[in-house]
Amino acid sequence: MGGYDHKKIEKKWQKKWEKDGLYKTPDTSKGKDNFHLLVEFPYPSGNLHVGHWYAFAVPDILARHLRMQGKNVLYPIGFDAFGLPAENAAIKNKLNPRKWTLGNIEYMKKQIRSMGTSFDWSREVVTCDPSYYKWTQWLFLQLFKAGLVYRKETAVNWCPKDKTVLANEQVVDGKCERCDSEVVQKQMLQWNIKITDYAERLIGDLDALDWPKEIKESQKNWIGRSEGAEIDFPLTGAVKDDSRFLLLHGRESSSEGEYQPWLKAELEKRGYEVEVVDMPNPSEPDDEEQADHVEKHCTLDERTVVVGHSFGGVVAMRLLERGNKVRRVVFVATAVSGKFLDGKIRKSVTRACKKGFDFEKIKKQARTFMVVPDLTDKIIPISDAEALAKNLNAMYVPGKGNSPHFTGEKEPDVLMMCAPTIRVFTTRADTLFGGTYLVLAPEHPWVTLALDNKHNVLKNKEEVLTYVGKAKKKTEIERQAVEKEKTGVELKGVKAINPATGREIPVWVADFVLGHYGTGAVFADAHDERDFAFAKKYGIPLKETLEPLVVRTSGADTVRDGEPFMERNSAMAFVQHWSEDKYLTVKYKPVDVRGCVSGGMHEGEDAVAAAKREIAEETGYANAKLVRKLGGTIHSKYFSDNRKTNTFAHFTPMLFKLEDGTQVDVTPDEKSRHEVSWVSANEMTAFINHEDWRIAWTRVQSDACYAGRGVLFDSGEFDGLTSDEAIPKVGAKFGRLVKQYHLRDWIVSRQRYWGVPIPIIHCPKCGPIAVSDKELPVKLPEVKDYLPEGSGKSPLAKVKKFVQVKCPQCKGKAERETDTLDTFVDSSWYFLRYTDPKNSKQFAAGSKQKNWMPVDLYSGGAEHTTMHLLYSRFWHKALFDLGLVGEPEPYTRRMNRSLILGPDGQKMSKSRGNVIDPDEVVGRLGADTVRMYLAFIGPYNEVSSFPWNPDGVVGVRRFLERIARFQECVSDEDVPELEGILHRTIKKVGDDIRALKFNTAISQLMIFLNHAEKQRKASRTQWDGFIRLLAPFAPFLSEELWHDVGHKTSIHEARWPSYDAARLEEASITIAVQINGKTRGQASVAPGSDSMTHEAAATKAVQDRLSGKKIVRTVVVPGRLVNFVVEE
RNA sequence: GCCGGAGUGGCGGAAUGGUAUACGCACACGACUCAAAAUCGUGCGGGGCAACCCAUAAGAGUUCGAGUCUCUUCUCCGGCACCA
C-alpha cells in the first residue's frame, strides 16, 4: 500500500519509545506546568474492544498536544481488577480468579501498547494487588473511625436454590441469572457508608465545577433533594395506657438539661405521669451510686417506662440487674463499650462500662427494650447500640438528633420512641388541613412495635401481621410495579390526631409507602392522585381544601409581569346539546383560547344568571337549563385581550343543558370574535387548550382529583393563601421544615470472594473493631471453592484460619468479617495512587498529591455519571474532611465520551455478530488509522453514538497514504500560496484539540493537504509544521516522516508550531452581497478593507436589482457581508 | 409522570446571529489501463432550460438577516420513577 508500511513503522517506534522511556512522567519538570489527564481505568476482561480504543487513544491526542505545547502531562493507566466476572469465570471454569485476572492484564497490556498511547506504565495501579488494597482497607478504616461507617439490616437479593446473595446485575426479571429460580428478599446485616451526610455538599459543590450541565443535572437528580416539612401526628386509642415515665439524664446533665423538660411536657400533654430525677455527681457519675439514688427516691414498678439518656442508660441497666422490674426501657444514645468517637477520655463512663453487664438478668426484668442511637452522634459509636440491641434482643431504632448525641432542646425522635407519635414527611403542607388519614410503610418501626407480642393494641393484629409479612417478602421490583393496584390494611383500634384540625383520623399500613424514604409514613389527602384513589378504593373519607389556581403562562394571554390584576367573578359553562351527546365549544378567536362559554358576572347577577346571559350572547342559544354546579371555584390568572389588563378571575364552573334549539340573534361583534361549534365528549379534551377549562371538564365526567396548586379554604388562618405561600407557613407552624434526599447510604458489603476483605474483627463482647494498621493488609486467603457458603456468607467464611482470630481489645475469641468491599470503593481513589504509586508508608504522600491533584480533565463513559463519579466525589470529600487530601473535589473538569456502535447502528455484541475486532483492523490498516478514524467519526465530548463505518476507516487510511506520498513533493522552494492556510490550520487544530473537537481538527488537516496537493508542492518548513500538527493524531507515521526528513529527536518532543495572526488571512477575501438578507452575489475585497460597501454596490447583481429602489439601510459585517435593506 | 439531550443531504457530520450542507463516506461520469483494482480529475440537497424558487422535524415570533435566540407541537435517545 503506497510507500506506507504501517506494520514496520509501528513496531519500530513502539520499541524505540519504550527503550527511551519517552512517556515516563516526572513529578515536576522545570519550567513546565503539570496537567493530569485521567481516563477511567479498564476492567481486565481479557480482550480489548473498540470502546477501549475510543476511551484511551482519543484522549491521547490531547495528552500529546499538551506535551508539545510545553506541559508536563501525566496520562496514567491501571486496572480495576476486582469484581464479579473473575469470580464467575472461576466458578464456571474452575480457575483461580487471581491467575485469570493477572493473565488478562498481561494480555491487555500488550494490546494497549499497540495503540501508540503515551501512558506512563511506571505508575500502573492494579486494585487486586495487596500493595494497593492495603490502602483501600486503610482508607476504609479512616472512615470507620470517623463514624462514617455503620452496619444495618438491609434487604439483599437472595437465591433460595443457590443459597447465595445476588448482585443486582445477576437478577434478570426477578429471577436468578444462573438457575432461573425466583429471587427473594432477605434481611442481612450490611456495612453502609454515610454518603447521605454529604448529600447537600455533593449538590452544592457542583456549581464550581467545570462539568457539562447534563452531568451535574444527573447527579442532582440522583441525589434527589426535596424540600418539605416533617409533621408529628400523635396516636391515640392504642395508647390510653397507664404507663408512667421515669427520665434518667446522662453525664454532665440534670433534670433541666437538654431535652428533658421538653420531653416531660410533651408526655404530660399526652396524659402520662412523668417523673424526672436529678442524679448525684453528674460530672463524675458512679453507676452504683446513681442506682442507689434512684432506688431510694423514685418509683420503679411494672407500669414504669425508664428512659435512659447516655449514662442514664447504664444506670437503668444497673437498676434492672438489681432485680427491679419495669415495663419498658428506652436506651437513648447509651454507652456500652466505654470507647468514644471523639477520642476524649470520660473515665467514669469507661469505668462503669468496663465492669460489664449481666444481659441475661436484665433481659428478664422488662417486657420491651428499645435502643435508640443517634446516627449523627460524634461521641458514642454506633457499634455500641448494635451490641446492646443484640444482647438484649431489643428493638433497634436508629434516629437522628437535632443536635448530635440527642442534646437538643427538642428531640422528637426520642419522644416518638417514648409515646407513640407518627412523623410524616410532606412537600405539600398546604393540604394538611385536608389530611384525613395516615399511611405507614409495612416496615415502619411503630408497626413492628404494635405487632410485637408484648402489646395488644391492634384489634385486627392477625390481618395486619399477614399483610406486613406479605409485603416484606415482596422483592423491591414487585413493590415498585407501579401499575398494580394499591393495597393496604387499616390499623384498627388506633387513631392519629391531625395536629392542624385536632381531629382523629384513621391509620393505615400500605406497601406503596416506602420504609426507607422520608419517615416511612405519610398523611393522605384529597389532592394527591394516589391518596385519592386509595381512599376511594377503601372508602376512607376525604376532604377538599384547595380550589384550583391556574396561571396561564403561554400564548397571547400569558400574564404580563409587573402589571396589576383586576379581580372579577365569572361564570364558566359547559352546555350540552338538547338531543345529542354533544357539547358546545367556543373559540375566542383573537388569542386562540379554546373552551366553552364564559364571562364575568354583572352587578347583582349570580353565576347561573350570568352563564345564561353569556350563552345567549355568545352562541345565541336561548333555553339553557342548569344541570349542576361543578363544585367550588376555579381561580385563573391571565392577560385579558378584551380589557387589555391582567385578570384574576374566579370562575364558577357549571353544566347546562339546552331544552331545545331556539336561538336569538348574535351581534356581529360577538360573531366576529367567537367561533361556535358542537363536539363530542371525546373531542372536547383535545379541543380545550387551557388548564382551567380542562380541570372543569374533568368534573363534568367524574369526580376527579385535583392535585395541582391552588387556593386554600377550610384551612383556618391560612384560608385564601396560595399553595406556594402556604407550604412553608403551614409546615413551620405544625412541624419543621426539612430537606429529604432520594440518595441512600452506600452499601459496601459484598458476600463475594474476589474483592477487598473488609478489615474488621467482630468480638462478641467489644463489638466490631478495626484491624490495626500494622496488621494491614488483611490478605485475601486462598480458597478451594468460590461458591458462597450456604448461609449467605462469602466463601471467606469457610476458611477457618482466616475467620478465627483474637479480639485485639479483650483478647477473647473473635471472628473476622468475611464480606468484601464493593469495587466502587477501589475505584474511588485510584487516581490518588497514580501520584505516588510505589509508596509503602502512605496511600500517597501529600507532597506528591500536590503535583497532580485535582485531576485537570477526567474523561470517561456516561454510564459512570451517577455511581462512580458520585461515590468518588463523596470519598474525596470524606478524605478532605479528615485532612488526607488537599481539595474537596477530585476532578476539575469532566467529560463524557460518546459511544461506538457496530456497522449496523446497533450496540456491538457477539450475538448480533457486529463486533469490530480492533486487532484485525490495526493489522490491516494500522494503529494510526484506527486512532484517527475514531477521532474523526464525530464529536468526542457529546453524549451520542456513532456507527463504525468500514468504508469510513479506509478513507482515513487513504488520507495518511496521501500524506506519506506527498512528502516527495516537499522542497526548499517557498510556496507563499500555502502560508495562509497553514497558519489557519495551526490555529484551528490547536484550538479544536483543546476543545476536544478532534473531528473538526482532522478535517482541517485534510483541508490543508487538499490545498498542498493542488499546489503540488510545499516548502520544507511548511511541511515540518504540518507533520507536527499530525503528530498527536498519528504518532507512528508522523515520527517516521519526521526522521525521514532528517530530524534526530522524536517529533513528540518537538514544539507545537505557532501561528502568526497577521498571516491568517489571504490577500483577498470573498464577501457575500445581500439584499434584504438574501444573498444575491459575491464580491472580492482586501481583508480589513473599508470600501466593502463600495465594492458590494458595484457588483452586477446589486446594480441590476437596486435600480430605482431606495436603500433604507446598509448592514456591514467586516470580512463577511454587506446587506442592502431596500423598500419593497 | 419528572429531569436532561438531540432532530441539518443517501450516510457520519460542519457552521462566534452573517454566503447552510465544510471534511469524509457512498454514488455517477471522465482520465490512466487490453481490462480490473489502485490512483488522479469532475460532479453530487430538491425543483427549473434559465432567471430564480424551495429546503436545517412542524408551526409561530424576535431580527436587516435565524440551523443558531423565544414560544408551541411532534419524534427519537439517555437518566430517574409508588420519592409523599
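Residue numbers begin at 1 in each chain, while the letters A, B, ... track the order of the sequences.
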Notebook entry, point to check: B/C40 pairs with which nucleotide, Watson-Crick or G-U wobble, both distances below 3.5 Å?
Noted result: B/G30
Checklist line | A/F512 ring center near A/F534 ring center (under 6.0 Å) | finding: yes
Margin query: Would the base of B/C64 count as contacting A/N1123 through its side chain, where contact means a donor and an acceptor less than 3.5 Å apart?
Written below: yes
Next item on the list: With heavy atoms under 4.0 Å as the rule, sort A/I1007 into base, sugar-phosphate or nothing.
Entry: sugar-phosphate
Margin query: When both hydrogen-bonding distances must be under 3.5 Å and the geometry is Watson-Crick or G-U wobble, what is B/A22 paired with, if anything?
Written below: none
Check: To the side chain of A/Y517, which of B/C83, B/A15, B/G18 is closest?
Finding: B/C83
Margin query: Using the C1' atom as the point on both nucleotides, what is the distance between B/A14 and B/G9, in whole Å?
Written below: 13 Å
Note to self: Counting only side-chain heavy atoms from C-beta out, which of B/U39, B/G65, B/C82 sits nearest to A/K486?
What the structure shows: B/C82
Next item on the list: In whole angstrom, give me the gap between the C1' atoms of B/G24 and B/G13.
Entry: 9 Å
Note to self: Of the listed nucleotides (B/G18, B/C3, B/A84), which one gets closest to any side-chain atom of A/Q1074?
What the structure shows: B/G18
Item checked: Distance, C1' atom - from B/A15 to B/G65, rounded to whole angstrom -> 16 Å
Check: Is A/V522 touching bases, backbone alone, or none of the nucleic acid, heavy atoms closer than 4.0 Å?
Finding: base
Note to self: From the set B/G18, B/C80, B/U39, return the single nucleotide nearest to any side-chain atom of A/V1115.
What the structure shows: B/G18
Check: Under 4.0 angstrom, heavy atoms only, what part of the nucleic acid is A/T1114 near: base, sugar-phosphate, or nothing?
Finding: nothing
Notebook entry, point to check: At under 4.0 Å between heavy atoms, what does A/F946 touch on the DNA or RNA strands: base, sugar-phosphate, or nothing?
Noted result: sugar-phosphate
Item checked: Rounded C1' spacing from B/C80 to B/C71 in Å -> 27 Å
Check: So what does A/R1080 touch, heavy atoms closer than 4.0 Å: a base, only the sugar-phosphate, or nothing?
Finding: sugar-phosphate
Next item on the list: Measure from the side-chain heavy atoms of A/N221 and tell me the nearest of B/C3, B/G12, B/U19.
Entry: B/C3
Checklist line | A/W746 and A/F824 aromatic centres sub-6.0 Å | finding: no
Checklist line | Pairwise P distance, B/U56 and B/A66 [rounded to whole Å] | finding: 11 Å
Item checked: Residue mapping more 5' on RNA chain B - nearest nucleotide basis, A/E214 or A/R962 -> A/E214
Notebook entry, point to check: Which whole number of Å gives the distance between the P atom of B/C53 and that of B/G1?
Noted result: 44 Å
Margin query: Output the rounded distance in Å from NZ (A/K1078) to P (B/U63).
Written below: 18 Å
Next item on the list: Give one of base, sugar-phosphate or nothing for A/G518, where a contact means two heavy atoms less than 4.0 Å apart.
Entry: nothing
Check: How many Å lie between CG on A/N941 and C1' on B/A6, as a whole number?
Finding: 15 Å
Check: Out of B/C25, B/U19, B/C83, which nucleotide sits closest to the side chain of A/N949?
Finding: B/C25
Check: Does A/R957 make a cation-pi contact with A/Y4 (under 6.0 Å, within 45 degrees of the axis)?
Finding: yes
Next item on the list: Tell me what A/K997 touches on the nucleic acid: a base, only sugar-phosphate, or nothing, going by heavy atoms under 4.0 Å.
Entry: sugar-phosphate
Next item on the list: Please state whether the phosphate of B/G79, meaning OP1 or OP2, lies under 4.0 angstrom from any side-chain nitrogen or oxygen of A/T866.
Entry: no
Checklist line | Anti/syn call for B/G9, syn if |chi| within 90° | finding: syn
Notebook entry, point to check: A/I981 has an atom CD1; how far is it from atom C1' of B/C23, in whole Å?
Noted result: 12 Å
Checklist line | Sugar-phosphate only, base, or nothing, as touched by A/D528 at under 4.0 Å among non-hydrogen atoms | finding: nothing
Note to self: Which nucleotide, if any, forms a Watson-Crick or G-U wobble pair with B/U72, using both distances under 3.5 Å?
What the structure shows: B/A58
Checklist line | A/L925 CG - B/C25 P separation (whole Å) | finding: 13 Å
Check: Does a nitrogen or oxygen in the side chain of A/R428 sit under 4.0 Å from OP1 or OP2 of B/A84?
Finding: no
Next item on the list: Could you measure between the two P atoms, the one in B/U70 and the one in B/U63, and give it in whole Å?
Entry: 16 Å
Next item on the list: Using a cut-off of strictly less than 4.0 Å, decide whether A/R530 has a side-chain nitrogen or oxygen near OP1 or OP2 of B/C83.
Entry: yes
Margin query: What I want to check is whether the side chains of A/R1080 and A/N1123 have a donor and an acceptor closer together than 3.5 Å.
Written below: no
Check: Between B/G24 atom P and A/L960 atom CG, what is the distance in whole Å?
Finding: 13 Å
Notebook entry, point to check: Can you tell me if the side-chain N/O atoms of A/R958 get under 4.0 Å from OP1 or OP2 in B/G24?
Noted result: no
Next item on the list: Determine which nucleotide pairs with B/G4, using a 3.5 Å limit on both distances of a Watson-Crick or G-U wobble pair.
Entry: B/C77
Checklist line | Spatial distance of atom CG (A/L870) from atom CD1 (A/I203) [nearest 0.5 Å] | finding: 9.5 Å
Notebook entry, point to check: Rounded to the Å, how far apart are A/N1010 CG and B/C25 P?
Noted result: 10 Å
Item checked: Nearest-angstrom distance from the residue atom CG of A/L1121 to C1' of B/A66 -> 14 Å
Checklist line | Ring center gap for A/Y54 and A/Y940 short of 6.0 angstrom | finding: yes
Next item on the list: Please lay out, stage by stage, how A/R428 and A/D528 fare under the test salt bridge (Lys or Arg N to Asp or Glu O under 4.0 Å).
Entry: CA-CA 9 Å; A/R428 289 298 301 270; A/D528 178 278; over 6 Å; no
Note to self: Heavy atoms only, 4.0 Å cut-off, all strands: where does A/K220 land among base, sugar-phosphate and nothing?
What the structure shows: nothing
Check: In terms of side-chain heavy atoms of A/S226, which of B/A14, B/A20, B/A84 is nearest?
Finding: B/A84
Check: Are any of A/N999's side-chain N or O atoms less than 4.0 Å away from OP1 or OP2 of B/A14?
Finding: yes
Check: Rounded to the nearest Å, what distance is computed from the CD atom of residue A/E942 to the P atom of nucleotide B/A6?
Finding: 7 Å
Next item on the list: Would you please indicate yes or no on a ring centroid separation below 6.0 angstrom for A/F1026 and A/F1008?
Entry: yes
Check: The side chain of A/F936 lies closest to which of these nucleotides: B/C83, B/C82, B/G24?
Finding: B/G24
Notebook entry, point to check: With a non-hydrogen cut-off below 4.0 angstrom, is A/Q740 in contact with a base, only sugar-phosphate, or nothing?
Noted result: nothing
Margin query: Between B/C69 and B/G18, how many Å separate the two C1' atoms, rounded to a whole number?
Written below: 15 Å
Check: More 5' along RNA chain B: A/A862 or A/D951, using each one's nearest nucleotide?
Finding: A/D951
Item checked: Closest non-hydrogen atom pair, A/R894 against A/P212 -> O-CD, 3.0 Å
